[in-house]
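Each remark here refers to the structure printed beneath this line.
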Amino acid sequence: MTTAAATSPLLNARRKLFTALGAAVGLGDPVAPADAMHRPGKDAIDKRLVEPESPDALPQTYATPPDRVRWLTKATFGFSTAEDAAFLALAGSTMDAKWQTWLNQQLAPATITDTDCTNRINAGGFVTINKTLPQLWNDHVRADPEYYVRMLPANETECTTIVRAIYSKRQLLERMVNFWHDHFSVFGFDYDIAPVLVHYDRDVIRPNAFGNFRTMLEQVATSTAMQLYLDNYASRGADFNENYARELIELHTLGVANYFGPGDPFQVPCLTANIHCPGTVPAGYVDNDVYEAAAALTGWTIKNGYWQYPTENDGTFVYRADWHDRRNKIFLGLYIPPNNQPAMQDGRDVFNRLCAHPGTAKHIATKMCRRFVGDAPSEALISAVALDFATYVDAPDQIARMLRTILTSNEFKTSWGGGMRRPFEVAMGALRGLGANYTPKPDNTNEWTATERYQWLIQMAGHRSFYWNPPNGYPDRQSAWASTGSLASTLKMLSWFPEMRTGYASGTTFPYVADIKAQTDGAIPTASARNAPAIIGYWCDRLLGYRPEPVYGVATSFLQQNATATEAIDTGTDT
């Protein structure tokens, strides 16, 4: 961006306009320095929301969006007028009927034409996203390329994830892909994992997002990314590595709520029997179950050129029977016999046992409910979704059935404000609402690109895609994101979006990603009609789908200042 552009009256006008818009949608306080006031005689700072005269001046309740706006906002990456128009055009005489139609479509993503998103990705010049796993391994691992090339699959996976979150019509699928990436989390920018992250996202998480949990569990376990991340590729015989087995149980299935400590497994109470759980399961697990699971999964590894098998080096999964611990095992009360099991059966017995456990059903149901309803979903809803998990444990659409129960529940339909959108979701929602034209792309030049600045800002906010190092995935509770640091960084990112350009290069001026002034003028073509209520109302409708009070009134007053409600605002020069 040139110096002239940075100090021009037009850019100043854009900034003042978006300051008011930000206040309208709750992205910052409606506060500005005195020199920002374009009307003489107006107080320098409007403090009605920031410093109310008394606690009674604060509203006790806030405006709730219309039903469809609530539902779409929670089930997608953010409200957009295009999505809303498509929803209203669906078959059905009531909002509930239209919601059922929308949900039916979203749960069958292959039937949704997604041309805009697909064309945008195809035009993006991405070079790794269609490579097979052996090609990724050969080009980005075995070839020992420079660091940028090695990390390119992770960078391109991040970029296409952003494109899909903004532009895909398969919004519910994208939300669930995001959910499973948190649940089966790997640190995507790890030196070993980055080259194969394309495979993990494309071939493991996405095809299973609405499918069967047990199927996905094994595909995650055999994926190159998870094998490398939690070290199961190196687990052999009596010298097993417990990293993956522990996270398999603590994070992916039963959850720590069902942990009974390091004690005797025979002291764990059974759910419905007294003699070590014949026909049922123990109420939870102990450390010994972790060790037994780790032993059951020995020999599950990858072809990585290990010295015993130097010619096998394409990054794909392989089971090595000579690395497997063949002793008998007892896992969650299940006896696993020695030696005579078919290949990989010990590990599959572990997966089957975990998926049959009520604790797994509740753990997964709780996380899904929390993602779509709020921080504290009711036990009744969790139980209903857990029942779906258990009832349809073998169904190919098990997860879709659980999701349908959540999204058609009265709790989902009536709840609002029970959670907090995380920085990535806030960013994607803002870009969707602004109608942004943005295709992020990795860069290996000395230019400071829009993509690099976005990555830096979202990382500062603590929510860059695939950048969470621990195996528990990004948190989904409000308390994790309510710090001043995360909120300030998120607001800083949002305030940059209206000034974000499609490219940056010395001596070149690129178009805005979202031209706020042009869109405002286009929506209100008669200059005399561009008054404060019309402008703030338009952008509230665009970004939120409704006009919430009291912020709508305060933002309107801020933009209006000493003018009358019908007096026009000059969006080009009124600074």
Side-chain angles (χ1 to χ4, degrees), residues 64-92 94-112 114 117 161-162 164-183 205-206 209-211 364-378 381-382 384-385 388 397 399-422 424-433 474 476 478 542-546:
T64 301
D67 288 348
R68 73 179 196 282
V69 174
R70 259 193 341 269
W71 305 341
L72 289 172
T73 300
K74 292 193 291 182
T76 70
F77 272 104
F79 179 84
S80 78
T81 50
E83 185 96 41
D84 187 44
F87 179 87
L88 290 173
L90 292 174
T94 65
M95 289 299 117
D96 280 327
K98 292 179 185 296
W99 181 244
Q100 288 286 355
T101 303
W102 185 88
L103 194 53
N104 291 340
Q105 291 179 348
Q106 290 291 312
L107 289 174
T111 66
I112 300 174
D114 211 13
C117 182
T161 293
I162 293 166
R164 290 186 176 107
I166 300 171
Y167 298 105
S168 178
K169 296 184 184 303
R170 301 163 182 169
Q171 280 288 298
L172 189 55
L173 172 65
E174 295 307 313
R175 287 296 310 278
M176 283 305 292
V177 167
N178 179 270
F179 173 83
W180 291 121
H181 269 299
D182 279 339
H183 185 76
I205 299 297
R206 289 184 171 276
F210 289 155
I364 304 302
T366 301
K367 292 187 70 173
M368 287 179 62
C369 291
R370 199 160 57 224
R371 181 61 62 95
F372 287 97
V373 173
D375 279 10
S378 70
L381 180 60
I382 292 170
V385 178
D388 284 339
D397 61 345
I399 296 166
R401 290 173 182 268
M402 298 168 68
L403 193 54
R404 186 183 292 277
T405 296
I406 296 171
L407 298 185
T408 57
S409 69
N410 186 64
E411 192 165 337
F412 170 83
K413 288 185 173 181
T414 59
S415 63
W416 183 251
M420 184 173 184
R421 292 179 78 81
R422 303 177 302 173
F424 176 78
E425 291 141 12
V426 171
M428 297 303 100
L431 292 169
R432 279 169 61 79
Y474 280 112
D476 59 0
Q478 178 172 326
R542 275 283 303 276
L543 295 170
L544 298 177
Y546 74 119

Working note: Asp96 + Lys413, criterion salt bridge (Lys or Arg N to Asp or Glu O under 4.0 Å); need CA distance, chi angles, decisive distance, verdict. CA-CA 9 Å; Asp96 280 327; Lys413 288 185 173 181; 2.8 Å; yes
Before giving the answer on side-chain contact (heavy atoms from CB on, under 4.5 Å), spell out for Tyr546 and Thr64 the whole-Å C-alpha distance, their side-chain angles and the decisive distance to 0.1 Å. CA-CA 9 Å; Tyr546 74 119; Thr64 301; over 6 Å; no
Should Arg371 and Asp182 be marked as a salt bridge (Lys or Arg N to Asp or Glu O under 4.0 Å) after you check the CA-CA gap, both sets of side-chain angles, and the distance that decides it? CA-CA 11 Å; Arg371 181 61 62 95; Asp182 279 339; 2.9 Å; yes
Verdict with reasoning, Lys74 to Ser415, per side-chain contact (heavy atoms from CB on, under 4.5 Å): CA-CA 10 Å; Lys74 292 193 291 182; Ser415 63; 2.8 Å; yes
Could you please spell out the steps behind the side-chain contact (heavy atoms from CB on, under 4.5 Å) verdict for Leu431 and Phe77? CA-CA 10 Å; Leu431 292 169; Phe77 272 104; over 6 Å; no
In sequence, state the C-alpha distance, the side-chain angles, and the governing distance for Ile112 and Leu173, and then conclude on side-chain contact (heavy atoms from CB on, under 4.5 Å). CA-CA 11 Å; Ile112 300 174; Leu173 172 65; over 6 Å; no
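Not one N or O on the side chain of Arg421 forms a donor-acceptor pair closer than 3.5 Å with the backbone of Val426. Of the possible polar contacts, none joining the Trp102 side chain to the Phe87 backbone as a donor-acceptor pair under 3.5 Å is found. Formation of a donor-acceptor pair under 3.5 Å by the Glu174 side chain with backbone atoms of Ser168 is not found in this model. Within the 3.5 Å criterion, the main-chain N or O of Ala91 finds a donor-acceptor partner in the side chain of Thr101.
Nearest heavy-atom pair across Arg175 and Ala75 is CG-O, 3.4 Å. When all heavy atoms of Val177 and Ile205 are compared, the pair lying nearest together is O-CG2, 3.9 Å. Of all heavy-atom pairs between Gly545 and Phe79, the closest is CA-CE2, 3.3 Å. In terms of heavy atoms, Trp180 sits closest to Ile399 at CZ2-CD1, 3.5 Å. The minimum heavy-atom distance between Ala365 and Ile382, with the atom names listed, is CB-O, 3.6 Å. Listed here is the closest heavy atom pair of Thr111 and Ala108: OG1-O, 2.6 Å.
Using a 4.5 Å cut-off on side-chain heavy atoms (C-beta onward), Met95 and Leu88 make contact. Side-chain contact between Leu172 and Leu107 is present, with heavy atoms from C-beta onward closer than 4.5 Å. Using a 4.5 Å heavy-atom threshold, the side chains of Ile364 and Met402 count as touching. You'll find the side chain of Asp114 stays beyond 4.5 Å of the side chain of Tyr167, heavy atoms only. You'll find the side chain of Thr76 stays beyond 4.5 Å of the side chain of Gln106, heavy atoms only.
In this structure, CH2 in Trp99 is found 11.0 Å from CG in Asn104, a value given to the nearest 0.5 Å. Atom CZ of residue Arg170 and atom CZ of residue Phe210 lie 10.5 Å apart, to the nearest 0.5 angstrom. Separation of atoms CG (Leu407) and CG (Leu103) is listed at 5.5 Å; rounding is to 0.5 Å. Interatomic distance, Ile166 CD1 to Thr161 OG1, rounded to the nearest 0.5 Å: 11.0 Å. One distance of note links CG of Leu381 with CZ of Phe372; it measures 12.0 Å at 0.5 Å rounding. In this structure, the separation between CG on Asn178 and NE2 on His181 is 8.0 Å, given to the nearest 0.5 Å.
With Glu83 as the partner, the side chain to side chain donor-acceptor pair (under 3.5 Å) test is satisfied by one option alone out of Gln171, Lys169, Arg432: Arg432.
Ion pairing of Asp397 with Arg404 is absent here, as no side-chain N (NZ or NE/NH1/NH2) approaches a carboxylate O to less than 4.0 Å. Classification of Arg68 and Asp84 as a salt-bridged pair holds, one side-chain N sitting under 4.0 Å from a carboxylate O.
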